[in-house]
Structures are given as structure tokens and as C-alpha cells.
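Proteins come first, then strands; the chains are lettered A, B, ... in the order of their sequence lines, and each starts at number 1.
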Amino acid sequence: ETGVTQTPRHLVMGMTNKKSLKCEQHLGHNAMYWYKQSAKKPLELMFVYSLEERVENNSVPSRFSPECPNSSHLFLHLHTLQPEDSALYLCASSQGVAYSPLHFGNGTRLTVT
Amino acid sequence: KNEVEQSPQNLTAQEGEFITINCSYSVGISALHWLQQHPGGGIVSLFMLSSGKKKHGRLIATINIQEKHSSLHITASHPRDSAVYICAVMGDGGAQKLVFGQGTRLTINP
């Protein structure tokens with residue numbers, strides 16, 4: 001049990017589909033993150049929410065839409081994705097955004113066909 | 001050139017060997033993380049350090065701020081240590097400004 005749970009673990013979707021990734025943390029943290037990990041590339045930050053407010057949007061295309069309804073839940077809504085969006089999407093949480101260790105979920109492996 | 005460079009990219013060793021993974025960075029940092037990623041994808045934070053040395057079990061992490069370099073050592077390596085080890089540096093913006101290395105894939109053979 002990592003304290004950060006992501007669902008689903010695997011997702012295959014067509015380019016015209018709409019789907020959502022879910023992340024839930026049970027650690028009492030107040031900051032949550034979405035990261036993207038593509039093959040042979042370093043982890044890339046996508047979004048940061050602190051106290052349920054988005055504080056970072058790292059030039060992510062609008063076909064990715066995050067939602068943070070409360071400090072324990074984070075969603076990533078997906079629509080009209082491209083095959084190059086296929087990657088591992090990782091959620092993380094921390095207590096504050098400054099000088100605090102990250103706790104990661106196991107990720108959702110997304111394949112866009 | 002990535003702001004965070006790790007070496008080697010791949011490392012294969014026999015059980016029991018002493019392992020060293022290196023991380024060099026080119027930016028000013030407030031802290032450096034070492035992370036472990038197993039084949040299933042999940043990432044575990046091993047260390048967060050800003051100076052000196054930290055030890056946890058068979059793992060040791062060191063950092064030299066002047067040289068912009070950190071090392072992760074594993075003593076008495078075991079097949080269960082097989083994973084990707086990732087170095088990440090935290091800039092002045094805190095955790096939201098983490099910059100990641102590409103990772104070192106470690107395989108320990110029995």
C-alpha cells in the first residue's frame with residue numbers, strides 16, 4: 001500500500017474516446033501532481049495542485065484536463081488524444097510544495113490507438 | 001543536454017557487488033532526490049538530501065554541492081535491488097520544480 005492509489009492501472013483508448021484517470025491519496029497531503037513518463041525520456045511534470053488550487057500547468061495541451069475536487073482526489077480527463085500521448089501517467093502527493101518528499105502512485109499505463 | 005545527467009544508463013552486476021550510480025546536475029538546487037522505480041511502474045522515494053550523506057539500510061546517498069554531483073551506493077547488492085534509479089533535483093520552486101534524470105537501469109544477477 002503506497003498511500004497513493006491510481007486507477008485504472010492500464011487503459012487503452014481510441015483517439016476519439018473520452019476517459020479519466022483517477023488518483024486518491026490517504027496521506028493527508030495538501031499538494032498533488034500529475035507526471036508523464038514516456039519511453040526513454042525523463043519524468044515530465046504536467047500539473048500541480050496545492051490546497052486544491054492549480055499552481056502549475058507545464059505547457060500541457062488542452063486535450064489533458066485536470067480536476068482536483070478536494071485535497072485527497074485528483075483526476076486527469078482525457079479527450080481526443082494522439083498516439084504520442086501513450087505513456088505512463090504518474091500521480092504524486094506531498095505535504096506542501098517546498099522541500100518535501102513526493103509519494104507516488106503505481107501509475108496508469110495509457111495506450112492510444 | 002539534460003540539466004540532470006545520470007551514469008551509467010544501464011548497469012548489470014552480480015549479487016553481493018558494491019554498486020555506485022552517479023548524478024551530475026548543472027543548475028542551482030535546494031535539494032536532490034533519489035527515487036526507485038520497479039518494473040510495475042510505481043516510484044518510491046529513497047532519499048532527499050541537500051548536503052553530506054544519508055544512509056538507510058544498505059543504501060547510501062552522498063552529495064557534493066560545490067561539484068554539483070551526487071552518488072547512490074548499494075552495498076551487498078541483491079536481485080531485489082533490480083530497478084530503475086532516478087535522480088531528481090529540486091530548484092528554488094520546491095517540489096513543483098523537480099527536474100529528473102533519465103534513470104539508471106540496474107540488474108543484479110543471482
Verify same cluster id: [X], [Y] (apolar side-chain graph, 4.5 Å):
{"X": "Met46(A)", "Y": "Val112(A)", "result": "yes"}
{"X": "Val60(A)", "Y": "Met15(A)", "result": "yes"}
{"X": "Leu78(A)", "Y": "Leu88(A)", "result": "no"}
{"X": "Leu21(A)", "Y": "Leu81(A)", "result": "yes"}
{"X": "Leu110(A)", "Y": "Val4(A)", "result": "no"}

Would you mind checking which part of [X] comes under 4.5 Å of any heavy atom in chain B, side chain (CB onward), backbone (N, CA, C, O), both or neither?
{"X": "Arg109(A)", "value": "neither"}
{"X": "Gln6(A)", "value": "neither"}
{"X": "Leu43(A)", "value": "both"}
{"X": "Val97(A)", "value": "both"}
{"X": "Tyr35(A)", "value": "side chain"}
{"X": "Leu102(A)", "value": "both"}

So which heavy atom on Pro101(A) is nearest to which on Ser45(B), and how close?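 In terms of heavy atoms, the two residues are closest at CB-OG, 4.3 Å.
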Minimum heavy-atom distance between Ser100(A) and His33(B), given as atom pair plus value: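 Reported closest heavy-atom pair: O-CE1, 4.0 Å.
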Heavy-atom side-chain contact between Leu90(A) and Ile43(B) under 4.5 Å: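 SC-SC contact between Leu90(A) and Ile43(B) confirmed.
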Measure the CG-CD distance between Leu98(B) and Glu44(A) for me, rounded to the nearest 0.5 Å.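 These two atoms lie 13.5 Å from each other.
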Atom pair CD (Gln37(B)) and CG (Asn106(A)), whose distance is rounded to the nearest 0.5 Å: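 Rounded to the nearest 0.5 Å, the CD-CG separation comes out at 10.0 Å.
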Glu84(A), CD atom: more than 12 neighbouring heavy atoms under 6.0 Å: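 Yes, enclosed.
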If you count the non-hydrogen atoms of other residues, nucleotides and ligands that lie under 6.0 Å from CD in Glu67(A), is the total more than 12?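 Yes, CD of Glu67(A) has more than 12 neighbouring heavy atoms, counting only those of other groups under 6.0 Å.
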Please write out which residues are connected to Leu49(B) in a hydrophobic cluster, directly or through intermediates, given that two of Ile, Leu, Val, Met, Phe, Trp, Tyr count as joined at side-chain heavy-atom separations below 4.5 angstrom.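 For the cluster that includes Leu49(B), the remaining residues are Val4(B), Leu11(B), Ile19(B), Ile21(B), Tyr25(B), Val27(B), Ile29(B), Leu32(B), Trp34(B), Leu46(B), Phe47(B), Leu59(B), Ile63(B), Ile65(B), Leu72(B), Ile74(B), Tyr85(B), Val89(B), Val99(B), Leu106(B), Ile108(B).
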